[in-house]
Amino acid sequence: MPELPEVEIIRLGLSKLIIGKTIKNVSYDWDKSFPNEQGLVKASLMSAKVSAVKRRGKVLIIDLSTKHSLVIHLKMTGQLVFRGKLEHFGAGHPSNSLVGKLPDKSTRVTINFTDGSNLYFNDQRKFGWMRLVKSSDITSIELIKTFGPEPLEAGFSWQSFRDRLKLRPNAAIKTGLLDQKIIAGVGNIYADESLWAAKIHPLTQINMLSNENLELLHKSLIDVLRLAIKSGGSTDRNYVNAKGQRGSYIKIAKVFRREGLTCPRCGHEIKKIRVAGRGTHLCTYCQRLKIAKISK
DNA sequence: CACTTGACCTGTCCGC
DNA sequence: TGCGGACAGGTCAAGT
């Protein structure tokens with residue numbers, strides 16, 4: 001579920017809420033949500049102080065004073081919600097709150113801090129996980145070591161974007177955008193939105209795209225991700241920030257989940273197709289498919 | 001190899 | 001209302 005913007009918002013929120021707090025206890029009722037050995041958890045989590053909250057792609061990293069880090073992947077429906085001492089319900093405006101009293105039936109892991117506050121890892125579909133690893137090992141974790149560059153970092157030029165994509169010249173451009181080895185952090189929503197912004201059909205073969213196309217897609221992707229962060233992320237179903245509040249990007253989305261409605265650019269109907277096994281939204285009028293000329 | 005499908009899970013929505 | 005099936009923002013393993 002959460003893509004780069006959503007994880008970044010959670011990171012920003014948690015930075016303000018839990019840095020400096022000391023962990024008192026951790027409990028979980030779904031083993032796969034926290035596949036660690038009990039011994040390591042006891043030794044390196046209890047009494048650990050939170051020193052930093054980081055992000056790499058869609059992965060959240062909570063650094064602890066014990067030289068260990070909690071690595072968290074929220075997958076489709078994961079949520080990380082902080083609640084203060086005796087605060088069972090969110091403090092946000094009720095209409096903006098998607099999460100009620102915690103813990104609830106989706107709570108997989110609960111982290112108690114010594115000041116009485118709690119961090120809840122909720123995950124309806126149980127795909128997400130958190131793991132405790134040595135902080136020095138983070139970059140060698142199987143998942144993270146294969147990640148491509150961060151699209152919002154300064155060094156991410158359109159030329160490097162092009163060069164990364166050309167690693168899969170025959171793949172559909174949407175497949176390339178979703179490949180975390182090519183770029184880290186893009187998921188289904190922002191792939192569709194940035195392809196619409198750049199007027200590129202999601203099935204276009206990467207090697208069919210001109211430099212002009214790629215330069216515009218690079219800019220569109222960055223703009224879309226930044227706007228999403230500014231809008232508080234996308235709450236399609238489950239996503240909430242660290243305070244349990246929804247994001248509003250979905251209200252300003254151009255194509256995502258808008259099949260049957262009109263394209264805000266040309267007025268034609270937005271269609272939904274399948275690309276790489278994922279629901280894909282586009283305007284077939286302004287996102288034309290470029291077909292290779294067959295050389296005889 | 002590169003690409004597709006199924007698995008991991010629960011919940012919701014839609015058609016009958 | 002009830003039931004079956006399709007589908008949901010992600011990733012990995014297995015199959016073609």
Side-chain angles (χ1 to χ4, degrees), chain A residues 1-10 28-35 55-60 71-80 98-100 104-109 121-131 141-148 165-195 202-207 221 224-225 228-229 231-241 246-260 272-281:
Chain A
M1 136 213 206
E3 306 179 25
L4 185 154
E6 289 75 26
V7 180
E8 179 63 13
I9 292 158
I10 292 170
Y28 42 96
D29 59 8
W30 182 253
D31 290 349
K32 290 178 185 173
S33 291
F34 203 151
R55 177 189 62 75
R56 179 79 173 95
K58 300 171 191 170
V59 174
L60 197 73
V71 179
I72 305 167
H73 201 307
L74 300 170
K75 290 285 181 83
M76 304 277 258
T77 55
Q79 304 171 326
L80 276 173
L98 196 61
V99 187
D104 66 19
K105 63 177 177 179
S106 295
T107 303
R108 309 301 172 204
V109 183
F121 174 38
N122 270 29
D123 185 18
Q124 180 186 100
R125 290 175 73 179
K126 299 180 173 175
F127 290 171
W129 45 259
M130 60 170 70
R131 269 186 303 206
I141 290 174
E142 204 56 41
L143 178 72
I144 293 177
K145 77 177 178 193
T146 61
F147 278 178
L165 285 171
K166 298 280 175 167
L167 297 173
R168 298 186 63 176
N170 300 315
I173 182 60
K174 176 160 177 178
T175 307
L177 288 176
L178 292 176
D179 185 343
Q180 304 299 298
K181 298 187 219 32
I182 292 180
I183 328 152
V186 182
N188 208 32
I189 298 176
Y190 303 113
D192 284 3
E193 290 290 295
S194 57
L195 287 166
L203 284 170
T204 313
Q205 254 186 7
I206 287 171
N207 62 12
L221 177 61
V224 161
L225 294 175
I229 292 173
S231 312
S234 296
T235 299
D236 186 27
R237 286 185 163 76
N238 295 273
Y239 166 74
V240 290
N241 67 17
R246 304 161 183 270
S248 66
Y249 182 88
I250 218 80
K251 289 182 198 153
I252 57 170
K254 302 295 197 289
V255 286
F256 188 78
R257 287 267 159 155
R258 298 190 76 248
E259 62 271 28
K272 186 172 180 184
I273 62 172
R274 281 197 102 69
V275 178
R278 320 292 306 278
T280 298
H281 312 76

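All chains are named by letter (A, B, ...) in the order of the sequence lines, taking the proteins before the strands, and each is independently numbered beginning at 1. Computed from heavy atoms alone, side chains included, the values below leave out hydrogens, waters and symmetry copies.
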Chemist: Using the P atom as the point on both nucleotides, what is the distance between B:dC8 and C:dC3, in whole Å?
Modeler: 25 Å
Chemist: Can you see whether A:E6 engages A:Y190 through a side-chain donor-acceptor pair at a distance of less than 3.5 angstrom?
Modeler: yes
Chemist: Check the phosphate of C:dC7 against A:K272, side-chain N and O only, distance under 4.0 Å to OP1 or OP2. Yes or no?
Modeler: no
Chemist: Need one value for A:W129: base, sugar-phosphate or nothing, where a base atom within 4.0 Å counts as base even if backbone is also close, heavy atoms only.
Modeler: nothing
Chemist: Can you confirm whether A:F127 sits close enough to A:T77 that some side-chain heavy atom of one is under 4.5 Å from a side-chain heavy atom of the other?
Modeler: no
Chemist: Just to be sure I understand the rule, does A:K181 reach a base, reach only the sugar-phosphate, or reach nothing, if contact means heavy atoms closer than 4.0 Å?
Modeler: nothing
Chemist: What is the nucleic acid contact for A:D236, judged by heavy atoms within less than 4.0 Å: base, sugar-phosphate only, or nothing?
Modeler: base
Chemist: So do the side chains of A:K75 and A:D123 get within less than 4.5 Å of each other, counting heavy atoms only?
Modeler: no
Chemist: Consider side chain to side chain contact (heavy atoms under 4.5 Å, CB included). Of A:I72, A:L60, A:L80, A:V59, which one does A:V7 pass it with?
Modeler: A:L60
Chemist: What is the separation between atom CD on A:Q124 and atom P on B:dC8, rounded to the nearest whole Å?
Modeler: 18 Å
Chemist: How close or far is atom P of C:dC7 from atom CZ of A:R278, stated in whole angstroms?
Modeler: 13 Å
Chemist: Phosphate oxygens OP1/OP2 of C:dG10: is one of them under 4.0 Å from a side-chain N or O of A:H73?
Modeler: no
Chemist: For A:A276, report the nucleic acid contact type (base, sugar-phosphate, nothing); a contact means any heavy atom under 4.0 Å.
Modeler: nothing
Chemist: Could you work out the separation of C:dA13 and B:dC9 based on their P atoms and round it to a whole Å?
Modeler: 15 Å
Chemist: Side chains of A:I183 and A:L221, heavy atoms from C-beta outward: is any pair under 4.5 Å?
Modeler: yes
Chemist: Any side-chain to backbone donor/acceptor pair from A:R168 onto A:N170? Under 3.5 Å, distance only.
Modeler: no
Chemist: Would you say A:F127 stacks on C:dT11, if stacking means ring centres under 5.5 Å apart and planes within less than 30 degrees?
Modeler: no
Chemist: Using whole Å, report how far CG of A:N170 lies from C1' of B:dC3.
Modeler: 11 Å
Chemist: What's the CZ-C1' distance between A:R125 and C:dG10, to the nearest Å?
Modeler: 9 Å
Chemist: Does a salt bridge link A:D192 with A:K254, judged by any charged N lying under 4.0 Å from a carboxylate O?
Modeler: no
Chemist: Can you tell me which nucleotide in C:dA8, B:dC3, B:dG11 comes closest to the side chain of A:K105?
Modeler: B:dG11
Chemist: Please report, rounded to the nearest Å, how far the C1' atom of B:dT4 is from the CG atom of A:L178.
Modeler: 14 Å
Chemist: Return one dot-bracket line describing DNA chain B 5' to 3' (Watson-Crick or G-U wobble pairs, both distances under 3.5 Å; ( ) same strand, [ ] crossing, | another strand, . none).
Modeler: .|||||||.|||||||
Chemist: Tell me: NZ of A:K75 to P of B:dG11, nearest whole Å?
Modeler: 18 Å
Chemist: Write down the distance separating the C1' atoms in B:dC1 and C:dG10, rounded off to the nearest Å.
Modeler: 24 Å
Chemist: Would a 4.5 Å heavy-atom cut-off, applied to side chains only, mark A:Y239 and A:L74 as touching?
Modeler: no
Chemist: Taking only side-chain nitrogens and oxygens of A:R108, does any of them come within less than 4.0 Å of OP1 or OP2 of B:dT10?
Modeler: no
Chemist: Without decimals, in angstroms, what is the distance between A:D123 CG and C:dA8 P?
Modeler: 18 Å
Chemist: Take the protein atom CG of A:L203 and the nucleotide atom P of B:dT4, then report the distance between them rounded to whole Å.
Modeler: 10 Å
Chemist: Surrounding NZ of A:K166 (heavy atoms of other residues, nucleotides or ligands, distance under 6.0 Å), is the total greater than 12?
Modeler: yes
Chemist: Measuring to OP1 and OP2 of B:dC8, would you say a side-chain N or O of A:K126 lies under 4.0 angstrom away?
Modeler: no
Chemist: For C:dT11 and A:Q180 - does any side-chain N or O of the residue sit under 4.0 Å from the phosphate oxygens OP1/OP2?
Modeler: yes
Chemist: Applying a 4.0 Å non-hydrogen cut-off, can you work out what A:G187 is touching in the nucleic acid: base, sugar-phosphate, or nothing?
Modeler: sugar-phosphate
Chemist: Counting only side-chain heavy atoms from C-beta out, which of B:dC9, C:dA8, C:dT11 sits nearest to A:L143?
Modeler: C:dT11
